[in-house]
Amino acid sequence: MFITFDRECSQLYNRLMNILLQEFNTPFGTVPFHKIHAEDFIPAIETGIKIGKEEIEKITTQTALPTFENTIEALERSGELVNRISSIFFNLNAAETNPEIQRIAKVISPLLSAFSNDIILDEKLFARIKHVYNHRPALNLTTEQQTLLQNTYKSFVRNGANLNEDAKSRLRSIDSSLSQLSLEYGEHVLSETNDYKLEITWEEDLAGLPESVKKAAALTAQENGKQESWVFTLQAPSYIPFMTYAENRNLREELFKAFASRAFKANENNNENILLQIVKLRYDRANLLGFKSHADFVLQERMAESPEKVNTFLIDLLQHAKPVAAQELEEIAAYAQAHNGPAELARWDLLFYSEKLKKEKYTIDDEVLKPFFKLDNVIKGVFEAASRLYGLVFKENTTIDTYHADVKVFEVEEEDGTHVGILYTDFFPRPGKRNGAWMTSFRGQQVIDNQEQRPHIAIVCNFTKPLESKPSLLTFNEVKTFFHEFGHALHGLLAKGTYGSLTGTNVYWDFVELPSQIMENWTYEKECLDLFAYHYETGERMPAALVQKIKDSANFMAGYATIRQIGLASLDLKWHTTNPDTINSCAEFENSVLRETELLPSMPGTNTSCSFSHIFQGGYSAGYYSYKWAEVLDADAFEFFQEQGIFHRGTADLFRKHILSAGGSEHPMQLYKRFRGKEPSPQALLRRTGLHSQR
Ligand SMILES: [Zn+2]
């Protein structure tokens, strides 16, 4: 039988048969992974976008005057279907991808960005939003509604909705130049990283390197068509072990200089001019939108609020960290000299001697700790910690569908049995999975028409897989990673708001790591480790002395690490607050900024800004300080827990209510103060990292 589909008919077929477009008739409405076929995605996304557009059109063509409900809330609710489909798709693309999914991603991504561009440039829609915004004092909105209105209005204005036609077209042209320039910047860094190869033909030159590192280098050599040699590159897995272990000082120097001069040499990959242009365009863009600088523009949407506040924050930390860093360097220099090292430390000596000193001081390594961290025990420990803190119960449910046999599903419940949400865990590496660890959601929490939708959250990691003869044993770092991602998961699971764009992890950038990083603190506490850190063969508890060593070694070189982070954060901030007309040379500017945080002699021919991809290619511009900012928050918040005991229910209740459940419903500083009773102070971080007492 032949059936010919015309377009109309195939669309109908699509709507009837495409599982992605139907309501999921599954336990808790979870995703029916096995019923989804890769070929369903593109037509489903197309249909989803079409429906989304119809929803927007309904808002803009109605005759009723704009109100919060018929405009702001209606916009918030629009695109529900396409959002659901794209979150399923991109979660799969990250955790279980294949060439077909990757091909589909290339089709889908431009469709989705065109869709969101259409919305943000819709003038009729903006006129309605602005009307509601201008009438907001009379509207009697709840705090959550006020935040939603503010966010909606700002997202349009920050994209130029309030500008006249000329300024709008100037903004578009800046945006397109900027995306072109960051692309070029990134390509240059990539070529410079990939082009360089250090080939070693004398085995003696490998002295000090672990066997696994040598093997990897031999493999790299083969891949590059070289026989009987070893090749090292500027990629982290090759570069870092070489700088840490290679005894040949001249070769360390060579590799270091190659790394630190990327995109700063006189060749076609030089980034000096490009970055000066990027900085200038960002500055102009900010001015056009009414901001003093790019940093002012970015920080409007951050907990830190202003460049001045970030600057004060960095200077304050630097004052404490710098003297400690100087002591640390002295200790390493003395150690190096006592071990036939150089009279004066150079940058390429630091990793090498600090690693040796660390080993000598703490005598703990992964192999000593791993037997205490059997994955099954750690899972139980994490769940037990959540139960003590928040009264949560985790019940495995094997009837819920997953995208891979390794994935486990848990129903999360309150103590009284109330359903909280669904948690997927996906722990082991496999070919279709991205590196690293992350938390994501298949469905967020929200309330629509008085019906609450509870969240479906996943944590995805790459831990060592169990063997038949040996269970999965985690390194301490992996245990910390697990607690970290679990903290993000709690932020998602315990969400309790009305509007999806304000719940769970939808918070300001420099606030989103508080729930995750705070969880890492429990992994240093004996009381918590006693819940799960048993030797997998003997059943012995982790000895207190070992726990203390973990704590002490975590602070090794903390001063130096801190001033390095402050240096990068200041460099980022200064590039994005200074009037670019006053900057003549990339190198001079960088040196003048970094002078404050440098303790080792500067190296002519090297430059950080030319390969600082975080801020000139990625989205971290004027945001590098967030790493330290988040540490200050989590240290300060954890001290509050420590005051009454790390499993104190009252403190946990406050944290749950004002942080985990509140999402982005209000400015994070308000939320934080409600939890803590005061603003965060850097003192707690200084105490935790041992930078305080030594001053
Ligand atoms: Zn995180």
Side-chain angles (χ1 to χ4, degrees), residues 208 210 240-241 244-245 321 324-325 327-336 338-339 350-375 377-378 380-382 384-385 463-464 471-484 486-487 517-562 564 631 634-635 638-639 641-642 645-647 684-694:
I240 290 175
T244 311
Y245 300 111
V324 180
Q327 282 174 19
E328 288 165 357
L329 287 185
E330 270 170 38
E331 192 185 357
I332 295 200
Y335 177 86
H339 293 80
L350 263 193
L351 271 179
F352 182 76
Y353 287 105
S354 65
E355 175 67 20
K356 293 208 162 12
L357 178 60
K358 186 178 178 185
K359 261 229 159 97
E360 205 173 288
K361 277 178 103 162
Y362 304 108
T363 57
I364 47 164
D365 59 29
D366 285 347
E367 299 314 311
V368 177
L369 298 175
K370 271 161 77 173
F372 293 96
F373 297 136
K374 186 171 133 183
L375 177 59
N377 292 344
V378 182
K380 279 184 209 135
V382 168
E384 178 61 24
F463 296 151
T464 319
S472 171
L473 301 176
L474 306 189
T475 65
F476 180 65
N477 247 331
E478 288 175 329
V479 173
K480 261 197 327 191
T481 301
F482 187 0
F483 273 74
H484 179 105
F486 188 73
Q517 284 183 191
I518 194 173
M519 287 307 295
E520 294 180 27
N521 289 282
W522 272 267
T523 65
Y524 291 94
E525 298 293 324
K526 180 97 172 74
E527 194 184 343
C528 179
L529 288 165
D530 279 349
L531 299 177
F532 66 92
Y534 290 92
H535 196 286
Y536 81 107
E537 284 168 331
T538 65
E540 174 209 5
R541 264 188 193 164
M542 183 179 281
L546 205 51
V547 180
Q548 191 55 43
K549 272 188 186 170
I550 298 177
K551 267 191 184 176
D552 294 342
S553 72
N555 284 343
F556 180 68
M557 291 291 278
Y560 187 74
T562 304
R564 285 226 5 123
E631 279 181 50
D634 90 71
F638 188 65
E639 270 199 357
F641 275 94
Q642 281 174 312
I646 59 167
F647 289 119
L685 177 65
L686 295 170
R687 277 190 283 273
R688 187 175 74 188
T689 43
L691 300 179
H692 199 259
S693 52
Q694 297 181 39

Item to check | Derivation of the side-chain contact (heavy atoms from CB on, under 4.5 Å) call for Ile646 and Cys528 | outcome: CA-CA 8 Å; Ile646 59 167; Cys528 179; 4.2 Å; yes
Should the ring pair [X] and [Y] be called parallel, tilted or perpendicular, given that the plane angle runs from 0 to 90° and is split at 30 and 60?
| X | Y | answer |
| --- | --- | --- |
| Trp522 | Phe647 | tilted |
| Tyr353 | Tyr335 | perpendicular |
| Phe532 | Phe373 | tilted |

Checklist entry - Any side-chain heavy atom of Phe463 sitting closer than 4.5 Å to one from Phe482? => result yes
Measuring from atom [atom1] of [X] to atom [atom2] of [Y], what distance do you get when rounded to the nearest 0.5 angstrom?
| X | Y | atom1 | atom2 | value |
| --- | --- | --- | --- | --- |
| Asp366 | Leu473 | CG | CG | 11.0 Å |
| Leu531 | Asn377 | CG | CG | 11.0 Å |
| Leu351 | Lys358 | CG | NZ | 10.5 Å |
| Arg564 | Met557 | CZ | CE | 10.5 Å |

Next on the checklist: Walk me through whether Glu478 and Val378 qualify under side-chain contact (heavy atoms from CB on, under 4.5 Å).
Outcome noted: CA-CA 10 Å; Glu478 288 175 329; Val378 182; over 6 Å; no
Item to check | side-chain contact (heavy atoms from CB on, under 4.5 Å) assessment of Tyr362 paired with Phe556 | outcome: CA-CA 9 Å; Tyr362 304 108; Phe556 180 68; 3.8 Å; yes
Item to check | Candidate pair Phe638 and Tyr524, rule ring-ring contact (aromatic ring centres under 6.0 Å, His included), full reasoning | outcome: CA-CA 12 Å; Phe638 188 65; Tyr524 291 94; 9.3 Å; no
Next on the checklist: When you compare the side chains of Ser553 and Lys361, does any donor N or O come within less than 3.5 Å of an acceptor on the partner?
Outcome noted: no
Next on the checklist: I'd like to know if Arg688 and Asp634 make a salt bridge, using a cut-off of under 4.0 Å between side-chain N and carboxylate O.
Outcome noted: yes
Next on the checklist: Is the terminal nitrogen or CZ of Lys480 (NZ for Lys, CZ for Arg) located under 6.0 angstrom from the six-membered ring centre of Phe476 and within 45° of that ring's axis?
Outcome noted: no
Next on the checklist: Looking at Glu355 and Tyr245, would you say the former's side chain and the latter's main chain have a donor-acceptor pair under 3.5 Å?
Outcome noted: no
Next on the checklist: Could you check whether any side-chain N or O of Asn555 sits under 3.5 Å from a backbone N or O of Asp552, counting only pairs where one atom can act as donor and the other as acceptor?
Outcome noted: no
Item to check | Derivation and outcome, side-chain contact (heavy atoms from CB on, under 4.5 Å), residues Met519 and His484 | outcome: CA-CA 6 Å; Met519 287 307 295; His484 179 105; over 6 Å; no
Checklist entry - salt bridge (Lys or Arg N to Asp or Glu O under 4.0 Å): which pairs involve residues 518-528, sequence neighbours left out? => result Glu525-Lys551, Lys526-Asp530
